[in-house]
Amino acid sequence: MKIITTKQMKALESESVNHGVSLAKLMDNAGKALADFICSLYDKKEINCGKNITFLAGSGNNGGDCFVAARELVYCGFNVSVVCVCDKPQTNIALDAFNKMPSDRINIIEGFKSKHTKKTIEAAELSFMSVNGSSNENSSANQAQMEQIQLAEKKRTDAVFNTISKSDVIVDGVFGTGFRGKLDEEIISFFKAADSKIKISVDVPSGGNCTYGSAAEGIFNADYTVAFGFLKSGMTQYPLKQYCGKIKVCEIGIPDKALELLNDEADMQLADESCFSNLIKPRKPDSHKGDFGRLLIIAGSRNMRGACVMAAESALRCGVGIVCTASVEETINTASIKIPESILLPLDCDYDGFMLYENNLDLLKKELGKADAVLFGCGLGVTNDTIKLTEFIIENAECPVIIDADGINCLAADVKLLQKKRSDIILTPHPAEMSRLIGKSVSDIQSDRINTALSFAEEYNVTVVLKGAGTVTAQSQKCIVNTTGNSGMSKGGSGDVLAGIVSSLSAQGYTPFEAASFGAYIHGMAGDFAAEKLGVQFMLPSDIINELSAVFKNLS
């Protein structure tokens, strides 16, 4: 599924006008699509309640979408109320949609504080504060004026709360994809009053930032979100994603010619099974281990043996023909028991159990020449020697290299080493490792994950797998946001399993982007299978490995 930015959506709407589809027509299509979606929920019995529906409408074009939908639904047997939450419609097309609503059949409520009321309150408060030394008569007059205002305001807000309380379904069209900043406290209180209802958002839950995926305090917590035209990039990322509920993307009539505007933009996709269904390579009956690649894994240290072992086991489970595990003696001893299928290459280590550089160089050069892919870094540790090993691998490997964990931490000492690479490189950082690579805070990275991954991939001509909820796989001018996985995978070792999967696919001949994005999808799906069996609290990274065969059967 294609993803676009809010900026791109605005450009598409403008370009649509140039190709004969007006903004008013797009709004009309959007409102009708929203109404059709709501009707479909009742038809499919996803909603089993009454047909009292209230639209919380903003003053912009999102409100206009609501007005069109309200007009449609009133003729489908719904009892419709429209609450104008912010102000009267402020755009011509929204105002036109408002005026076309059958006011005799729709309960229309001015739920906003009028400009007159705001000015009166300000004036009364100012006057009240300056009455020291004034006559009691003036003071009493000001107090009476304030009481009248308070009564009028209570009547206004009561009308909104009463309407919400009597409704079965609340539709949020207050703010659209351009929202920034904070939500007004009164609007938050309206949203809270709707908590027990079926909640549907128009394009994005109000309070959500569609560019960065952030969410303002008090954001509308939707059960369903109807996105118009395309899914917006911020809705694929947390925390916003968790407030969207089930997302339905509806076509609104943007002309194909207008879409040509995106040809020079980065291609962003949301991963689903259709992205990868034809990727699994068939195996001939007379094939042999050499047909499925040779993977060299350089990983592990005395105190982090499991990282190397889990990476090697997951790589073998994903179909690579030969795995050569190069590590320190303690890791090799563990690997000989856990993964007897692997070739083992013992390496010299220092007193603390970390790999040495000079002592192991000849052995690694020999194995590097045989490899179809190299996985480097899981549980490696960061020392002067492992930093030198990182430099050696990047500068000498002529096959794809997957750099994970401490390999990334070693690279952070001099990220410009990537400019000396002789082969394709896939980096698999979590946000903290990405922070070390680019010198930005984790919060900055998390607030703009897609652009962070795309920018780094573009600058260094590498493939980046920025791990986390909604893992982003990026290459120059394209990215895929993953949709599989769960919180049970938030345990040490899950990243090592992912690195093994990606490197296995890479050794088998998948392109770097295929290996990285498909690997993330497989990894997440195996995690979902494990969670289904064991629960997110109790599953382990090794359980993810155990589910890999089920994933491949499912995808095949």
Side-chain angles (χ1 to χ4, degrees), residues 1-18 21-24 26-27 29-31 33-34 57-66 86 90-91 93-94 172-183 200-216 219-220 222 224-245 247-255 258-270 444-455 470 472 474 477-481:
M1 180 190 296
K2 188 166 182 61
I3 304 167
I4 66 171
T5 64
T6 53
K7 183 179 178 181
Q8 288 172 331
M9 189 65 201
K10 287 185 182 298
L12 283 176
E13 289 171 347
S14 297
E15 189 68 10
S16 295
V17 174
N18 296 333
V21 181
S22 68
L23 294 179
L26 291 176
M27 178 180 286
N29 291 343
L34 173 60
S59 58
N61 288 343
N62 255 46
D65 299 332
C66 289
C86 303
Q90 298 296 298
T91 69
I93 57 175
D172 150 46
V174 181
F175 298 113
T177 57
F179 176 84
R180 301 287 186 278
K182 297 181 179 180
L183 288 170
I200 300 170
S201 280
V202 178
D203 229 5
V204 61
S206 290
N209 184 309
C210 271
T211 299
Y212 302 116
S214 57
I219 184 174
F220 190 84
Y224 303 90
T225 297
V226 181
F228 297 133
F230 297 94
L231 186 65
K232 314 310 181 294
S233 56
M235 295 167 69
T236 69
Q237 298 298 304
Y238 288 87
L240 176 53
K241 184 179 178 181
Q242 76 187 73
Y243 295 103
C244 293
I247 299 173
K248 171 69 174 178
V249 179
C250 292
E251 178 61 54
I252 59 170
I254 294 172
L259 297 177
E260 293 177 6
L261 194 72
L262 302 178
N263 287 349
D264 295 329
E265 303 274 348
D267 179 33
M268 298 185 290
Q269 299 285 336
L270 189 69
D444 284 344
I445 290 165
Q446 290 295 80
S447 69
D448 196 8
R449 287 169 52 81
I450 291 175
N451 283 325
T452 297
L454 275 169
S455 297
V472 179
Q477 287 296 294
K478 62 180 177 180
C479 77
I480 289 183
V481 179

Apply side-chain contact (heavy atoms from CB on, under 4.5 Å) to the pair M9 and I254, showing each step before the final yes or no. CA-CA 10 Å; M9 189 65 201; I254 294 172; 3.5 Å; yes
For A227 and K232, which heavy atoms make the closest approach, and how far apart are they? CB-NZ, 4.4 Å
Under 3.5 Å, is there a donor-acceptor pair between the side chain of D172 and the main chain of S206? yes
Heavy-atom closest pair, residues L12 and L261: N-CD2, 4.1 Å
Please give me the minimum heavy-atom distance between L240 and G234, naming the atom from each residue. CD2-O, 3.6 Å
Spacing of S201 atom OG and Y243 atom OH [to the nearest 0.5 Å]: 12.5 Å
Going by distance alone, is a donor N or O of one side chain under 3.5 Å from an acceptor N or O of the other, for R180 and T211? yes
Donor on one side chain, acceptor on other, T5 and S233, under 3.5 Å: no
Residue pair V481, Q237: steps toward the side-chain contact (heavy atoms from CB on, under 4.5 Å) verdict: CA-CA 9 Å; V481 179; Q237 298 298 304; 3.4 Å; yes
Rounded to the nearest 0.5 Å, what separates atom NZ in K478 from atom CG in L454? 11.5 Å
Any donor-acceptor pair under 3.5 Å linking the side chain of N61 with the backbone of I93? no
Walk me through whether T177 and M235 qualify under side-chain contact (heavy atoms from CB on, under 4.5 Å). CA-CA 10 Å; T177 57; M235 295 167 69; 5.9 Å; no
Say you draw a straight line from CD1 of I3 to SG of C479; how long is it, rounded to the nearest 0.5 Å? 6.0 Å
Among V226, L231, T236, which residue meets the side chain to side chain contact (heavy atoms under 4.5 Å, CB included) test with I247? L231
Heavy-atom closest contact (P255 atom, V21 atom, distance): CG-CG2, 3.5 Å
Atom OG of S455 and atom CD1 of I450: how far apart are they, to the nearest 0.5 Å? 11.5 Å
List the steps and the verdict of side-chain contact (heavy atoms from CB on, under 4.5 Å) for F179 and T6. CA-CA 10 Å; F179 176 84; T6 53; over 6 Å; no
Which pair of non-hydrogen atoms, one from I252 and one from L26, has the smallest distance, and what is that distance? O-CD2, 3.4 Å
N29 versus G253, closest heavy-atom pair with distance: ND2-CA, 4.1 Å
Can you tell me how far the CG atom of L34 sits from the SG atom of C66, to the nearest 0.5 Å? 6.5 Å
Rounded to the nearest 0.5 Å, what separates atom CD in E15 from atom NZ in K10? 16.0 Å
By side chain to side chain donor-acceptor pair (under 3.5 Å), S16 pairs with (sequence neighbours left out) none
What residue pairs, at least two apart or across chains, pass side-chain hydrogen bond (donor to acceptor under 3.5 Å, both in side chains) with a residue in residues 259-270? K2-D267, Q8-E265, D267-Q269
Side chain to side chain, V202 and F228, heavy atoms closer than 4.5 Å: yes
